[in-house]
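For reference, the structure is listed below as C-alpha cells.
Here is how names work: the chains are called A, B, and so on, in the same order as the sequence lines, proteins then strands, and each is numbered from 1.
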Protein chains: 2
Amino acid sequence: MREGERPEIAKLPLFAEMKEEQRERVFSASHLQVFPPQLILFDVGQKPDFLYVLVDGLIELFTTNGDRDSTMAIVEPVSSFILAALVTNQPFLMSARTLQSSRVMLIPADLLRDVIKQDGALMQEAMRELAVGYRHMVRTLTDMKLRQSTERLGNFLLLESHKRNGAMNLQLRGEKKLLASLLGMTPENLSRALSALAKHGVSVAGGNITITDHDALVTFARPDPFLDGVEV
Amino acid sequence: MREGERPEIAKLPLFAEMKEEQRERVFSASHLQVFPPQLILFDVGQKPDFLYVLVDGLIELFTTNGDRDSTMAIVEPVSSFILAALVTNQPFLMSARTLQSSRVMLIPADLLRDVIKQDGALMQEAMRELAVGYRHMVRTLTDMKLRQSTERLGNFLLLESHKRNGAMNLQLRGEKKLLASLLGMTPENLSRALSALAKHGVSVAGGNITITDHDALVTFARPDPFLDGVEV
DNA sequence: CGAGTCAATTGATAATTATCAATTCACCGG
DNA sequence: CCGGTGAATTGATAATTATCAATTGACTCG
C-alpha cells in the first residue's frame, strides 16, 4: 500500500496502540483498493479473507431474506468493519456494497488473527471495538423493538445532530431510501414521517434537514440518556 | 465462594484457558449469591461493579422505554452476562431480573478488567465471547427487521429444536409472555401465531410445544442457513 | 433544451400488529 | 373441594406499517 495512506489508518483506535513492528508487518501485507459504486464486496455466507478498513467513500452493510433486504449499518471513513467475523472465523452474516466510489484497505485475515494473538495492545483494542459494536447493536435492537417509526426517525436526527457537535443542519449521506431501510421502514413511510416531524421542529428541503426547534423534537422523540447517549 | 461451584464455572469457555494462578485470583475475590425470583439485579444506567455469571436459575435482560419494556435476552446457566459493559466500563444498556431463584457469581469489575489485561488467554476468550455476542445481535436484529411475527416464532422453534439436538418436543422456559416479548410481539399475538402454526406442523399443549412436521415448518418459516445457523 | 430515468412524494388501500375487553384455564391456599 | 389469582386465549376494534398506483421533482444525456 501507499505510504501516504498509513497515518490516518494508524490513527484508528484499533491500530493506535500496537507495537510499531507488528503494525509494519500488518500494513506491509495489506493493500489498498478502489472500488466503484454499487459493487458487492462480499456476501453473506462467505468466509472472511480480510479485515476491511474504509479509508474513503461510503459502504453499506445489509442482510437479505428472500426478496427483502435491510440496511444494517452504514460505514463511514475511517473505520474497520466485520471484525467479529474475522475473530470468530465464521461466515459473514451481512453483505457489503459500496454506495460511493470507495478506497478500502484489505488486511489478510490469517495474518491479522495471528498478530492479534501476539500483540496484547492490538487484542485489547479489538476487544474494545467488539464491545462497543455489541453495545451499538443493543441500542439499535432496542430502538427497533420499543419505538415506532417516526420516533426512530426523530431520535436518529437528534443523534446525528449530536454527533456533528450539535449542528442543527444535517446533510444526508446517501439516498433517503437508504435511511428508510436503516431505520426499518419503507421509503414511503420515511416521507410521511418526515412531514409528520414538521409539527415537532424539523424542516426538510431535499437531502437537507434542519432541526428548527430542538426542544420540540426532544419532547416528541423522548431520547433516552443511556440508550441514545454517545459512546466514548 | 464455595469450592464445589468452581469446576463448572471454570469450564466456561471464558475462563477455561487462563492461567490457573490468575483464575485463583479472580475466583477467590468473587462470591456466589442466591437471589429470589423477580429481583432486579441491576438497572439501565448503572455502572457495572461486577461481571455476572449465572450458575443456576434463569435471568432476563430487558430494556425499558417509557411504559413499554422488551426482553432482550434470556440467560441460561452456565453463562456470563454484561461483558461488554464491563469491558468498556460504561453504564448498562439493559436491566436484569431473575425469573427464577438464581445462583449468581459476582466477579469484581475492576479486578477482572485488570486480570484481562494481564492474561492473554483470558483476553482472547473475552474477545471471542464479545464477537459471538455481536453476531448473535446481528442475527436478532435481522430477524426483527426482515421477518414478521409468525415467521420469527417458526424459526425460533426450529432453532430451539436444533439446540436440543433435534428434539421435536420443546418445553418452554418461563412464561409465554416472556417468549412474546423476546420475539417482539404481544402475548395475544403469540397465541394467535402459535395457532397459525398448527397448519404448518406445530402443535401446542400448554407450555409444551411439539414439532409434528419438521419439513412443513421449514417450508413455512424458511430458515436461512447462515442467519439461523448455530454458532460454534 | 427536451426526453428519459429514477428518486421522492402523495394518496388510496391492504396487511400486520397492538390494544381493549371478555372469558377460559391452570394452579395454589385454605 | 372451592374460591381466588393471574396467565393464556379469543374476539372485536384500532393503530401502525406496508403495498400499490400515480404523480412530481431532480438530474443526466443526447
Can you tell me if [X] touches the phosphate of [N], counting only side-chain N or O atoms and a distance under 4.0 Å to OP1 or OP2?
{"X": "B:S191", "N": "D:dT10", "value": "no"}
{"X": "A:K176", "N": "C:dA8", "value": "no"}
{"X": "A:N189", "N": "D:dA18", "value": "yes"}

Measure from [atom1] on [X] to [atom2] on [N] and round the result to the nearest Å.
{"X": "B:L178", "N": "D:dG6", "atom1": "CG", "atom2": "P", "result": "18 Å"}
{"X": "A:M144", "N": "D:dT17", "atom1": "CE", "atom2": "C1'", "result": "11 Å"}
{"X": "B:E151", "N": "C:dA15", "atom1": "CD", "atom2": "P", "result": "16 Å"}
{"X": "B:R152", "N": "C:dT16", "atom1": "CZ", "atom2": "P", "result": "13 Å"}
{"X": "B:L183", "N": "C:dT17", "atom1": "CG", "atom2": "P", "result": "12 Å"}
{"X": "B:L172", "N": "D:dT9", "atom1": "CG", "atom2": "P", "result": "10 Å"}
{"X": "A:L190", "N": "C:dA7", "atom1": "CG", "atom2": "C1'", "result": "12 Å"}
{"X": "A:L153", "N": "C:dA8", "atom1": "CG", "atom2": "P", "result": "14 Å"}

If you check the [X] side chain, which of [options] turns out closest?
{"X": "B:R192", "options": "D:dA7, C:dT19, C:dA7", "answer": "C:dT19"}
{"X": "A:E188", "options": "D:dC20, C:dT17, D:dA18", "answer": "D:dC20"}
{"X": "B:Q148", "options": "C:dT17, D:dT9, D:dA18", "answer": "C:dT17"}

Of all heavy-atom pairs linking A:F226 and A:R139, the shortest is O-NH1, 2.9 Å

What nucleic acid atoms does B:R147 come within less than 4.0 Å of, heavy atoms only: base, sugar-phosphate, or nothing?
-> nothing

Report task. Name the nucleic acid region contacted by A:S149, choosing base, sugar-phosphate or nothing; use a 4.0 angstrom heavy-atom cut-off, strictly under. Result -> sugar-phosphate

Between [X] and [Y], does any side-chain N to carboxylate O distance fall below 4.0 Å?
{"X": "A:R147", "Y": "A:D228", "value": "yes"}
{"X": "B:E160", "Y": "B:R164", "value": "yes"}
{"X": "A:E76", "Y": "A:R173", "value": "yes"}

Honestly, is B:R97 close enough over B:F62, meaning NZ or CZ under 6.0 Å from the six-membered ring centre and within 45° of the axis? yes

